[in-house]
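Notes for the one structure printed next.
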Amino acid sequence: MTRIAFQGAPGAFSWLAARDLFPRAKRQAMSDFAAVVRAVAQGRVELGILPIENSVIGEVREAQAALRSVEGLVIVEDATFPIRQCLLALPGATMAGLRWVESHPAALAQCADWLADRGLRMRAVDDTAGAARSIAADRDYTRAAIAGVEAAELYGLEVLAHDIADRSDNCTRFVVIATSARAEVAA
């Protein structure tokens, strides 16, 4: 079975892109983009997926830097997906009761104007779905996460607001990487 590494927790946008592109592959969570690249380069997985560009914020610099850090990797797939950022919180939480909104820095940047208009403070964490998982585990009604609807479903959260990105055409370009040797075998 093909294994594909993604950054974040199940429910993250990279997890969703990997699921849509390779529905039969086993998805493996990694802590950061560099870990995804290393896992592919070291042969621990056959594929990795990285978000490299977003229509609201431009380059996802951390992912692009990770990709450039290792030689011998090639892009075997390139796809753009709509990104529907949502504000997630525990069932019963209210907008008025929120003190913090947590997510990956790229997701926070995609929603910065929306958050500022509502006076919500931002806290950067490792990933979108990880923020949702943490809020669900900690049972803190003053925290919310920016993530997709799928993360709300996975971690038992409510969607307080849908489509909160600063632009309605928010989308992210993902690339799937492999070692050049694996890419030749797959061709």
Non-hydrogen atoms of Ala93 and Leu160 that approach each other most closely: O-CD2, 3.7 Å
Same cluster or not: are Leu90 and Ile164 linked, directly or through other Ile, Leu, Val, Met, Phe, Trp or Tyr residues, by side-chain heavy atoms under 4.5 angstrom apart? no
Go through the steps for Arg143 and Ser134 under the test side chain to side chain donor-acceptor pair (under 3.5 Å), then give the verdict. CA-CA 10 Å; Arg143 294 166 52 206; Ser134 174; 2.9 Å; yes
Any side-chain heavy-atom pair from Glu59 and Glu53 closer than 4.5 angstrom? no
On a heavy-atom basis, the closest approach of Cys111 and Ile146 is CB-CD1, 3.9 Å
Start with the C-alpha distance between Phe13 and Gln85, add both sets of side-chain angles, then the distance that settles side-chain contact (heavy atoms from CB on, under 4.5 Å), and finish with yes or no. CA-CA 10 Å; Phe13 290 106; Gln85 301 289 12; 3.2 Å; yes
4.5 Å side-chain heavy-atom contact, Glu77 and Val175: no
Separation between CZ of Arg44 and CZ of Arg38, rounded to the nearest 0.5 Å: 7.0 Å
Rounded distance [0.5 Å steps], CZ in Arg24 versus OG1 in Thr2: 10.5 Å
Distance from Ser103 atom OG to Arg123 atom CZ, nearest 0.5 Å? 13.0 Å
Can you tell me if CD on Gln42 sees more than 12 non-hydrogen neighbours from other groups inside 6.0 Å? yes
Please check this pair: side chain of Asn170 against backbone of Ala165, looking for a donor-acceptor N/O pair closer than 3.5 Å. no
Verify same cluster id: Leu108, Val60 (apolar side-chain graph, 4.5 Å): no
On a heavy-atom basis, which atom in Ala161 and which in Trp114 lie closest, and how many Å separate them? CB-CZ2, 3.7 Å
What are the two closest non-hydrogen atoms of Ala63 and Phe33, and how far apart are they? N-CD1, 3.5 Å
Below 4.5 Å, heavy atoms only, C-beta onward: do Ile49 and Val36 meet side chain to side chain? no
Euclidean distance, Thr128 OG1 relative to Glu150 CD, rounded to 0.5 Å: 10.0 Å
Run the side-chain contact (heavy atoms from CB on, under 4.5 Å) test on Asp140 and Ile135 for me, step by step, so that the C-alpha distance in whole Å, both residues' side-chain angles and the decisive distance to 0.1 Å come before the verdict. CA-CA 6 Å; Asp140 186 342; Ile135 289 164; 5.6 Å; no
Is there a side-chain contact between Arg27 and Phe22, using heavy atoms and a 4.5 Å cut-off? no
Val37/Leu50 under side-chain contact (heavy atoms from CB on, under 4.5 Å): CA gap, chis, key distance, verdict: CA-CA 9 Å; Val37 171; Leu50 298 168; 3.9 Å; yes
Going by heavy atoms in the side chains, are Phe81 and Asp20 under 4.5 Å from each other? yes
For the hydrophobic clusters of this structure (ILVMFWY residues joined by side-chain heavy atoms under 4.5 Å, transitively), does one cluster hold both Val125 and Leu115? no
Starting from the C-alpha separation in whole Å, work towards a yes-or-no answer on side-chain contact (heavy atoms from CB on, under 4.5 Å) for Leu87 and Met95. CA-CA 10 Å; Leu87 186 69; Met95 289 285 287; 3.3 Å; yes
Under 3.5 Å, is there a donor-acceptor pair linking the side chains of Asp32 and Gln7? no
State, with a plain yes or no, whether a side-chain heavy atom of His104 is found less than 4.5 Å away from one of Glu62. yes
Is there a path of hydrophobic side-chain contacts, each under 4.5 Å between heavy atoms, that joins Val101 and Leu88? no
Spell out, as yes or no, whether a donor-acceptor pair under 3.5 Å connects the side chain of Ser55 to the backbone of Cys171. yes
Between Arg133 and Pro10, what is the shortest heavy-atom contact and its length? NH1-CD, 4.3 Å
Scanning both residues in full, the closest heavy-atom pair of Val40 with Leu47 reads CG2-C, 3.5 Å
When you measure from the centre of the six-membered ring of Trp100, is the NZ or CZ of Arg121 closer than 6.0 Å and no more than 45° off the axis? yes
Spatial distance of atom CG (Asp163) from atom CZ (Arg167) [nearest 0.5 Å]: 14.0 Å
Rounded at 0.5 Å granularity, tell me how far CG in Asp127 sits from OG in Ser14. 9.0 Å
Flag yes if more than 12 heavy atoms outside Arg118 fall under 6.0 Å of its CZ atom; otherwise flag no. yes
Going by heavy atoms in the side chains, are Glu46 and Ile4 under 4.5 Å from each other? no
Quick check: do Ile177 and Leu67 have side-chain heavy atoms less than 4.5 Å from each other? yes
Co-membership, hydrophobic cluster, residues Leu16 and Val56, 4.5 Å side-chain: no
